[in-house]
Each structure stands twice: as structure tokens, then as C-alpha cells.
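Whatever order the structure lists them in is the order used to number ligands and atoms, beginning at 1. For clarity, every value in this text was computed on a predicted model and none was experimentally measured.
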Amino acid sequence: MMVFSEPAIEQFSSFINCRPTTLFPQIPIVDLSKPESKHLIIKACEEFGFFKVINHGVPVEFISKLESEAARFFSLPLPEKEKAGPPKPFGYGNKSIGQSGDVGWVEYLLLKTNQESDSQTFGSALNDYMSAVKKMACEVLEIMADGLKVQPRNVLSKLLMDEQSDSVFRLNHYPPCPQVQPLNGSDVIGFGEHTDPQIISVLRSNNTSGLQISLRDGSWVSVPPDQNSFFINVGDSLQVMTNGRFKSVKHRVLTNSSKSRLSMIYFCGPPLSEKIAPLPSLMRGEESLYKEFTWFEYKKSAFNSKLADNRLMHFQRIEAL
Ligand SMILES: C=C1C[C@]23C[C@H]1CC[C@H]2[C@@]12CCC[C@@](C)(C(=O)O1)[C@H]2[C@@H]3C(=O)O
Ligand SMILES: O=C(O)CCC(=O)C(=O)O
Ligand SMILES: [Fe+2]
């Protein structure tokens, strides 16, 4: 057996220095039933690119039904899960993320959002959940448009309502990972740091911690899990549509040593042909910080990148920005 000396183990940079440097600053909480939500959402998107939503209107039974079906799926023997096909672009994946060699302590299912056929694996639970979450996502995007004072208020939500909307749904399962955890207070990466390329992502997890977001100063903050709420991530596309006023949030997941984490995420994407550009009324005479591109072009480039890459960089007018 190989025994690492202290200096040697420190070279495993992906396992060390993962402890959050900031503990529990208040993650913004937005109550969708309150009129002040529009100001809170804008502030949260500017400051963090991230917030938590309560009074979201998604029925608990849709959530718990899908959660138990997902748990059942992930408990199947590996060959059964592999029948769902490799995740290229849709299917079951294990440890390997994307096409550029990223790995994490995670297994997952990537699913389409606009086809009934996927319901085969999960009965009606998947469609019930996705429709309710899509409705809530549209509401969030309309409140956002109100807060930004852009009209019509469905400028963003219509991209999701479009039947060509390129949204994706993902179930992630992070099994408990006891191995290296006690060493040097190190952590194992479940899902490496990245920003989501879409407009927004709507995340719900069980009560197991692991999700962290990165603040502007580069520190990492653990997001306390809350199975009754949803978390919204600002994605790269929304950063561009607001000409950099909102920033996409860098986030990652660390594994837990004793509990498994189950998360379900609805990634709100526009139609492939959609031009991703700053909303004209937000420009007030200023120039776009970004080159012109379609969602298809951005997605193609994103899927060739590594998880931690700054994917927007190549689309900035001044690359060094
Ligand atoms: C290295 C990767 C893996 C990617 C593509 C590329 C960069 C960002 C990743 C995500 C993050 C958001 C969901 C997803 C489905 C997406 O659209 O972008 C992911 C995709 C994958 O897991 O395949
Ligand atoms: O599983 C999670 O909690 C987050 C995963 C994530 O960021 C993603 O799938 O894009
Ligand atoms: Fe993500």
C-alpha cells in the first residue's frame, strides 16, 4: 500500500482546499407570492446569480413521487441503468461528465423535456413534475422581466414556452463517498465547478448537503439543502441577455461521506435558432459586451469545453474582460 506523506497529498489539488472559506452568508430567499419578489430577484441575480424560491406552487406530491422513482431507478443494477443509453445527448451516465474528460462522484440521467416518450421510465411523475416546474420557471422569468422593466413581460418566458425550446432535464445521484474524506479534511468532487450555459436552471434536491456556489471574491459558500424549496441559477445565456448585469453563478457539488444526494434540475434553454443577445431595452445606448451568436452555436461550443472552462470568454467582444 502506498502511504502519502503530508506534502505529497497536498499535490492532489482537486481534493484539498475544498473547504468553504465563508460559512452561511444569507442565500437570498424569494417568496413568489409576495410583490417585493421582483426587487429581491434582481438584487440576487446581480449579487449572486443564485437564489432560493419558496411558495413556488409546485405540488409536493409531484416532487416526492419523482424523487422516489429516481431513487428506485438509481438503485437498479448497473446493466439495467445502462439500458437507458449513454448520455450522448440523452441517457444514463456514470462518473464521466460531458465529452472532454471531466469526472465526478456522480451518476445521472439526462432527459428531454418536450417528449412524452421519456415518461416510460418514470410513468406520469416525470411529466407532472416537469410541467409544474416549467410553469414556475416561466413565472420567475416574468417577474424578472418586470424587475428589469423590460417589455413585454414574457420576453424571457416565451423562450421556454416555445415548442422548440431546447430545455434539458437531469437527475443526479451522488452516492455517499466515505473514502478519502477524513484525510486532511479533504473533499471529493461530485460535480466539478462550472456555470450552466442555459438561461436559468431550476434545482431541487433532497436534504443532503453538497451544493456550493462561488461568490464574486472567489470564495465558496455551502448552500444549506432544503427539500421544500427550489434554487435558481443564472446561466450564461441570461448573463448575455442582460449584457452582463446578471452574472452566471459558478457552482459545484462536493460528496457527502454518509448520505446520498439526489437532485433534479430543469435547465431552461431557448430554441436552437434563437439569437442570444442583450435585450435592446437594457442597452440604453451602450454596446453589447458580446459577439452575436445563436443558442445552437453556444451549445456546440459549450459541449466541446471542459466543465471548469470560461465558456463565454470566446463570445466576448473584448476577450480579456
Ligand atoms: C463538460 C460539459 C458537460 C455539460 C456540457 C459541457 C459544459 C457544461 C455542462 C452542462 C452543465 C449544465 C447541464 C448540461 C446538460 C449542459 O447543458 O451543460 C451539462 C453538460 C453535460 O453534463 O453533458
Ligand atoms: O446536482 C446538483 O446539485 C447540481 C448539479 C449541477 O450543477 C448540474 O447538473 O449542472
Ligand atoms: Fe450546474
request  = Name the option, out of N172, L171, D196, that contains the heavy atom nearest to atom 5 (C) of ligand 2.
outcome  =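 Among N172, L171, D196, the closest heavy atom to atom 5 (C) of ligand 2 belongs to N172.
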
ask   = Just going by heavy-atom distances, which of S100, S305, G104, P89 is nearest to atom 1 (C) of ligand 1?
value =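 Minimum heavy-atom distance to atom 1 (C) of ligand 1 goes to S305.
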
Going by heavy atoms, is [X] under 4.0 Å from ligand 1?
X: K299; result: no
X: A302; result: yes
X: L307; result: yes

request  = Report the relative orientation of the aromatic rings in Y266 and F169; use parallel for angles under 30°, tilted for 30 to 60°, perpendicular for over 60°.
outcome  =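 Y266 and F169: tilted rings.
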
request  = Over 60° means perpendicular and under 30° means parallel, so classify the ring planes of Y92 and F73, tilted if in between.
outcome  =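 Aromatic pair F73/Y92 classed perpendicular.
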
Tell me the protein heavy atom at minimum distance from [atom], and give that distance in Å.
atom: atom 7 (C) of ligand 1; answer: R311 NH1, 3.3 Å
atom: atom 17 (O) of ligand 1; answer: Q198 NE2, 2.8 Å
atom: atom 23 (O) of ligand 1; answer: F303 CE2, 3.6 Å
atom: atom 10 (C) of ligand 1; answer: P197 CD, 4.2 Å

Please work out whether any backbone atom (N, CA, C, O) or any side-chain heavy atom from C-beta onward of [X] is under 4.0 Å from ligand 2, and answer side chain, backbone, both or neither.
X: I265; answer: side chain
X: R261; answer: side chain
X: Y108; answer: neither
X: L203; answer: side chain

Polar proximity ligand 1 side, R170 side, N/O cut 3.5 Å exclusive =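 So ligand 1 has an N or O lying under 3.5 Å from an N or O of R170.
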
task = Say whether K306, considering both its backbone and side-chain N or O atoms, lies within less than 3.5 Å of an N or O atom on ligand 1.
result =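 Checking ligand 1 against K306, no N or O pair falls under 3.5 Å apart.
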
Atom indices of ligand 2 within 4.0 angstrom of S263 heavy atoms, with elements =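 Listed by number with element, the hits are 1 (O), 2 (C), 3 (O).
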
query = At a 4.0 Å threshold, what atoms of ligand 2 neighbour a non-hydrogen atom of F267?
reply =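 So the atoms of ligand 2 that pass are 8 (C), 9 (O), 10 (O).
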
inquiry  = Quiz question for you: does at least one protein heavy atom lie closer than 4.0 Å to atom 4 (C) of ligand 1?
reply    =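 Neighbour list for atom 4 (C) of ligand 1 is empty of protein heavy atoms (cut-off 4.0 Å).
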
inquiry  = Is it true that D236 and Y298 share a donor-acceptor pair across their side chains at a distance under 3.5 Å?
reply    =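 Note: Y298 and D236 side chains meet the donor-acceptor criterion.
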
inquiry  = Using ring centroids (six-membered ring only for Trp), state whether F315 and F293 fall under 6.0 Å.
reply    =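 So the answer is yes for these two rings.
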
ask   = Taking the six-membered ring where the residue is Trp, are the ring centres of F62 and Y129 under 6.0 Å apart?
value =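 That pair fails the under 6.0 Å test.
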
inquiry  = Using modelled atom types and a 3.5 Å cut-off, is there a donor and acceptor pairing between side-chain atoms of K65 and backbone atoms of V60?
reply    =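 No.
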
task = Only one of T242, V150, I41 passes side-chain contact (heavy atoms from CB on, under 4.5 Å) with M144; say which it is.
result =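 For M144, the side-chain contact (heavy atoms from CB on, under 4.5 Å) test succeeds with only one of T242, V150, I41, which is I41.
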
query = Per the side-chain contact (heavy atoms from CB on, under 4.5 Å) rule, which among S167, S157, S237, S248 passes with I199?
reply =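 Result: among S167, S157, S237, S248, S237 is the only option passing the side-chain contact (heavy atoms from CB on, under 4.5 Å) with I199.
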
ask   = Do the charged groups of E107 and K81 touch, with an N to O distance under 4.0 Å?
value =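 Counted as a salt bridge, because a side-chain N and a carboxylate O are separated by less than 4.0 Å.
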
request  = Answer yes when R153 and D146 have at least one side-chain N-carboxylate O distance shorter than 4.0 Å, and no when they do not.
outcome  =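 Judged by the 4.0 Å cut-off on N to carboxylate O distance, R153 and D146 do form a salt bridge.
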
inquiry  = To check your reading of the site, what angle at the Fe ion (ligand 3) do OD1 of D196 and NE2 of H251 form, to 10°?
reply    =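 It rounds to 100°.
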
